[in-house]
Amino acid sequence: MQEIIDSKAYFSRELLVWYDRSKRDLPWRRHRDPYYIWVSEIMLQQTRVDTVIPYFHRFIERFPSIADLAEAPEEDVLKCWEGLGYYSRARNLQTAAQQVMERHGGVVPNDKEAVSALKGVGPYTTGAILSIAYNQPEPAVDGNVMRVLSRYFLIEEDIMKARTRIMIEELAAGLIPQGRASDFNQALMELGALVCTPKSPSCLTCPVMEHCAARLEGVVDELPVKSKAKPPRPEYRFVALVEGSGRNEGRVLIRRRADKGLLARMWELPHMLANVSPLEGAGLLDAPAMDQLVGELAEVGIDVKPEGAYMDAEHTFSHIHWNLRVFRFGDVAERINNVAESGTGYEFGGDEATLGGREGDSGEYRWINQQDMASLAFPKVFLTILNRYFELN
DNA sequence: AAGACGGGGGT
DNA sequence: ACCCCAGTCTT
């Protein structure tokens, strides 16, 4: 028993010594502004530090205060998040900024109930904000912390289980040295990121290697225990690259995705799920799906003529693997800006048309050139396709 | 408890 | 090719 107590005190003490000497100079560590801490923690969810840094700089420059973020057009927030992924983080962050304006006078709250009530702020981020920004002795348990502690204390429970996270939170809370919650929690994550890494950890340079149970037992590589995620299911999709004619010469047709679900409210090229039997191999030959895609465009007033395959693209989400075959289409009879049928669900205005939501999209369409992309948020795979197209044409 | 939800980097 | 990442929300 005494051994465990000593081992804990040793861990906390040596970890802080190491952190004071080795901590990285990160943008959000240069201020104690709770808003900066909050933004960085949301961006860092499931995302590496190196990826986040440029996004953090742009975001803070564009939205310097909580009030700026709360009042901004959602489109601007999404555009600032473009390429970072998990876009509900961006929309939730803006919603939470509005909550902070309304409920807390524009100041990030410093009590657990109020912080965790903010949209997009779960157990980890609550602890991170309270400890890092306000130095409160709350645990902030992320993947790094679970890995470090499961090794040091030889915890063999599956870290994917909620029960395990709660147990580790209680353990982590008991390790926080008096008055050093901010540094200690960051030190724990820093160790996981720099030394106690998932693959080939640097045990020989680890500040707490002497009492690391996994190292002493020779099972560092077996921990943490983590159940495997299911592989993403494949999907085959036809994508329409519709080239405008007449007043839309040089432009391409895009649509906006639905308010909820995958890539919510982002812009994309129109596409349609194809039914491909596994026996057909790569067979992207689903004629009915192609007809559906053409039919859907006809419904928003765009008659198109296929002009052949343009390129293939792939994109992997956590749960879906997209195989995209992009086809060029000519726009043969542009009705979209010339005809307005009232009472049919269509609304026309400028270069936009709306058809009340089919599966997956908002029914909102636009013709754009490459310059227009600067203000519209696209998922990575469509950014790649569109940029390639505009560069070559 | 399980699935949805992006994208990049490391091995 | 597979694993992982400074997780949260919905069902």
Side-chain angles (χ1 to χ4, degrees), chain A residues 23-24 26-29 36-56 78 81-93 95-96 115-129 131-133 139-148 158-166 168-169 172 182 184-194 196-201 221 224-233 257-258 260-266 268 313-322 377-384:
Chain A
K23 66 180 171 193
R24 289 171 289 182
L26 301 176
W28 45 91
R29 284 187 180 155
Y36 288 16
I37 305 293
W38 176 23
V39 170
S40 72
E41 289 303 337
I42 300 296
M43 286 186 170
L44 285 163
Q45 290 169 8
Q46 305 288 276
T47 311
R48 285 191 162 68
V49 165
D50 290 341
T51 303
V52 165
I53 289 175
Y55 282 92
F56 178 81
L78 273 180
W81 212 271
E82 180 184 76
L84 199 52
Y86 285 136
Y87 299 98
S88 64
R89 291 185 296 175
R91 290 181 284 106
N92 288 341
L93 181 58
T95 299
V115 171
S116 63
L118 297 174
K119 195 77 175 159
V121 177
Y124 163 74
T125 308
T126 299
I129 291 173
S131 64
I132 298 175
V141 173
D142 67 348
N144 280 319
V145 174
M146 289 198 283
R147 185 173 57 256
V148 169
D158 183 352
I159 63 166
M160 294 300 282
K161 296 192 182 300
R163 178 88 190 72
T164 308
R165 197 204 74 233
I166 297 197
I168 294 182
E169 277 175 350
S182 178
F184 178 76
N185 282 351
Q186 291 181 81
L188 210 40
M189 294 186 274
E190 194 89 334
L191 188 74
L194 300 180
C196 195
T197 49
K199 302 284 175 58
S200 52
D221 292 334
V225 174
K226 188 176 182 183
S227 51
K228 292 196 286 284
K230 285 199 324 193
R233 68 174 186 274
R257 294 183 62 88
K260 302 167 74 172
L262 186 67
L263 302 169
R265 293 184 221 180
M266 308 275 291
E268 65 180 5
E314 291 183 45
H315 190 72
T316 306
F317 304 95
S318 309
H319 56 308
I320 308 172
H321 180 83
W322 273 358
F378 294 88
K380 184 67 188 348
V381 66
F382 293 108
L383 220 44
T384 303

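Hydrogens, waters and symmetry mates are skipped; everything else that's a heavy atom, side chains included, is used. Quick note on labels: first sequence line is chain A, next is B, and so on, each numbered from 1.
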Let's see if you can work this out: which of [options] has an atom nearest to the side-chain heavy atoms of [X]?
{"X": "A:Ser200", "options": "B:dG8, C:dA6, B:dT11", "answer": "B:dT11"}
{"X": "A:Phe317", "options": "B:dG8, B:dG7, C:dT8", "answer": "B:dG7"}
{"X": "A:Gln45", "options": "C:dG7, C:dA6, C:dC5", "answer": "C:dG7"}
{"X": "A:Met189", "options": "B:dA4, C:dA6, B:dG7", "answer": "C:dA6"}
{"X": "A:Thr47", "options": "B:dG8, C:dA6, B:dG6", "answer": "B:dG6"}
{"X": "A:Asn92", "options": "C:dC9, B:dG6, C:dG7", "answer": "C:dC9"}
{"X": "A:Lys226", "options": "B:dG6, C:dC5, B:dA4", "answer": "C:dC5"}
{"X": "A:Lys380", "options": "C:dA6, C:dC5, B:dG8", "answer": "B:dG8"}
{"X": "A:Val49", "options": "C:dG7, C:dA6, C:dT10", "answer": "C:dA6"}

| request: Mind checking A:Ile37 for me? I need base, sugar-phosphate or nothing, with any heavy atom below 4.0 Å counting as a touch. | output: nothing
| said: At 4.0 Å (heavy atoms only), tell me whether A:Gly261 reaches a base, stays on the sugar-phosphate, or touches nothing. | reply: sugar-phosphate
| message | Suppose we call a contact any N or O donor and acceptor under 3.5 Å apart; does that hold for the side chain of A:Tyr86 and the base of B:dG6? | response | yes
| said: Suppose we call a contact any N or O donor and acceptor under 3.5 Å apart; does that hold for the side chain of A:Thr125 and the base of C:dG7? | reply: no
| Want to settle it: does A:Lys161 or A:Lys260 sit nearer the 5' end of DNA chain B, counting the closest nucleotide to each? | A:Lys161
| said: On DNA chain B, does the nearest nucleotide to A:Gly83 precede the nearest nucleotide to A:Lys199 from the 5' side, or the other way round? Give the residue. | reply: A:Gly83
| field | Distance below 4.0 Å between A:His315 side-chain N/O and B:dG7 OP1 or OP2 | value | yes
| task | Check whether any side-chain N or O of A:Lys119 sits under 4.0 Å from OP1 or OP2 of C:dC9, and answer yes or no. | result | no
Using atom [atom1] of [X] as one end and atom [atom2] of [N] as the other, report the distance to the nearest whole Å.
{"X": "A:Arg91", "N": "C:dT10", "atom1": "CZ", "atom2": "P", "answer": "11 Å"}
{"X": "A:Arg48", "N": "C:dA6", "atom1": "CZ", "atom2": "C1'", "answer": "11 Å"}
{"X": "A:Leu194", "N": "C:dA6", "atom1": "CG", "atom2": "P", "answer": "10 Å"}

| message | Judged by each residue's nearest nucleotide on DNA chain C, which is more toward the 5′ side, A:Val121 or A:Ala229? | response | A:Ala229
| remark: Assert: residue with more 5' nearest nucleotide on DNA chain C, out of A:Arg29 and A:Gly120, is A:Arg29
| query | Is there a Watson-Crick or G-U wobble partner for B:dG6 with both distances under 3.5 Å, and if so, which one is it? | reply | none
| What distance, rounded to whole Å, do you find between the two P atoms, one in B:dA4 and one in C:dA6? | 24 Å
| P atoms of C:dT8 and B:dG9, separation to the nearest Å | 23 Å
| request: Compute whether any side-chain donor of one residue and acceptor of the other, for A:Tyr124 and A:Gln45, lie under 3.5 angstrom apart. | output: no
| Rounded to the nearest 0.5 Å, how far apart are CE of A:Met43 and CD1 of A:Ile53? | 11.5 Å
